[in-house]
Amino acid sequence: TRKHCYSSKMAPHSACSFGPSPFLSVLKVLLLIVSLTCTSAAQEKSKTAEFNVRPGGMVHSFSESIGEYSCSFTYASQGGTNEQWQMSVGISDDDRLFSCSVWRPQGKSYLFFTQFKAEVTAAKIEYASAFSQAAVGGQRDIALKEEEYTVGDSTVTHKDGKFRAELSKLTIIARTRHDEL
């Protein structure tokens with residue numbers, strides 16, 4: 001079941017518009033993270049790469065892959081100077097889940113994003129969330145409002161006229177074809 005999650009100032013905990021409880025989603029993400037960190041480096045079940053998010057209004061893209069699974073982040077932004085961001089991709093030990101996270105390690109981006117799209121291949125998105133601020137140095141994640149972006153089977157995309165130009169983190173958990181066998 002695909003979920004579109006959000007949080008608000010009124011309800012400090014994440015809420016999902018449909019599907020299993022938020023606790024189960026968080027538990028799945030935590031289990032995925034634990035399984036990725038416990039995997040030996042020789043199997044290359046996860047990797048992280050740094051890239052620059054460049055302002056200037058031009059459309060740019062960055063991609064990372066593991067095996068048959070890939071994640072791409074396409075965006076356009078304005079203002080400021082280049083910012084260093086990271087992308088992490090990983091596969092669970094049982095090969096049933098593929099994760100992709102894109103974020104600014106400093107927590108808050110000062111660029112104004114005019115558009116963004118994250119896309120996964122060879123997997124179907126089960127959970128996705130986007131944030132205007134990433135949890136760093138005592139700060140907490142601040143989720144975008146539900147109406148600011150849309151989650152499809154393989155993409156997470158800004159909504160024209162609704163997206164407020166703030167993006168600092170994007171997380172996707174997708175089910176691989178191995179789960180369908």
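Across all non-hydrogen atoms, the minimal contact from G90 to I66 is CA-CD1, 4.1 Å. The minimum heavy-atom distance linking Y69 with D95 is given by the pair OH-O, 4.3 Å. Taking every heavy atom of both residues into account, L111 and P55 meet most closely at CD2-CB, 3.9 Å. Of all non-hydrogen atoms in F98 and V120, the two that sit nearest each other are CE2-CG1, 3.9 Å. Pairing each heavy atom of S168 with each of S132, the nearest pair is OG-O, 2.8 Å. Heavy atoms only, all atoms of each residue included: F62 and M87 are closest at O-CE, 3.6 Å.
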Point to revise | From CA spacing to verdict: side-chain contact (heavy atoms from CB on, under 4.5 Å), D141, W103 | key: CA-CA 11 Å; D141 283 344; W103 76 98; over 6 Å; no
Review point. So E64 and K47, salt bridge (Lys or Arg N to Asp or Glu O under 4.0 Å) or not? Walk me through it.
Key: CA-CA 9 Å; E64 199 60 61; K47 62 180 168 178; 3.2 Å; yes
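A search for side-chain hydrogen bond (donor to acceptor under 3.5 Å, both in side chains) contacts involving Q115 returns nothing, not counting sequence neighbours. Applying the salt bridge (Lys or Arg N to Asp or Glu O under 4.0 Å) test to K108 and every residue at least two apart in sequence or in another chain returns E166. Qualifying side-chain hydrogen bond (donor to acceptor under 3.5 Å, both in side chains) partners for S109, counting only residues two or more places apart in sequence or in other chains: E83. In terms of the side-chain hydrogen bond (donor to acceptor under 3.5 Å, both in side chains) criterion, S154 has no residue partners (sequence neighbours excluded). In this view, F131 satisfies the ring-ring contact (aromatic ring centres under 6.0 Å, His included) rule with no residue, not counting sequence neighbours. Applying the side-chain hydrogen bond (donor to acceptor under 3.5 Å, both in side chains) criterion to T48, with sequence neighbours excluded, gives S88.
Put simply, CG on L167 and OH on Y149 are 10.0 Å apart, with the number rounded to the nearest 0.5 Å. Atom-to-atom distance recorded for F116:CZ and F73:CZ is 7.5 Å, nearest 0.5 angstrom. With rounding to the nearest 0.5 angstrom, the CG atom of L170 is 8.5 Å from the CG atom of L144. To the nearest 0.5 Å, the span separating CD on Q86 from CD on E50 amounts to 5.0 Å. Taken to the nearest 0.5 Å, the OG1 atom of T74 stands 11.0 Å off from the NE2 atom of H60. In this structure, the separation between CZ on R177 and NZ on K124 is 13.0 Å, given to the nearest 0.5 Å.
Atom CZ of F112 has 12 or fewer heavy atoms from other residues, nucleotides or ligands within 6.0 Å. The environment of K162 atom NZ is sparse: at most 12 non-hydrogen atoms of other residues, nucleotides or ligands sit within 6.0 angstrom.
In summary, E126 and R175 engage in a salt bridge, as defined by a charged side-chain N under 4.0 Å from a carboxylate O. Using a 4.0 Å cut-off between charged nitrogen and carboxylate oxygen, R164 and E148 count as a salt-bridge pair.
Transitive grouping of hydrophobic side chains (ILVMFWY, heavy atoms separated by less than 4.5 Å) brings F113 and F51 into a common cluster.
Within the 3.5 Å criterion, the main-chain N or O of R140 finds a donor-acceptor partner in the side chain of Q133.
In summary, the side chains of S70 and T121 do present a donor paired with an acceptor at a separation below 3.5 Å, with no hydrogens or angles considered.
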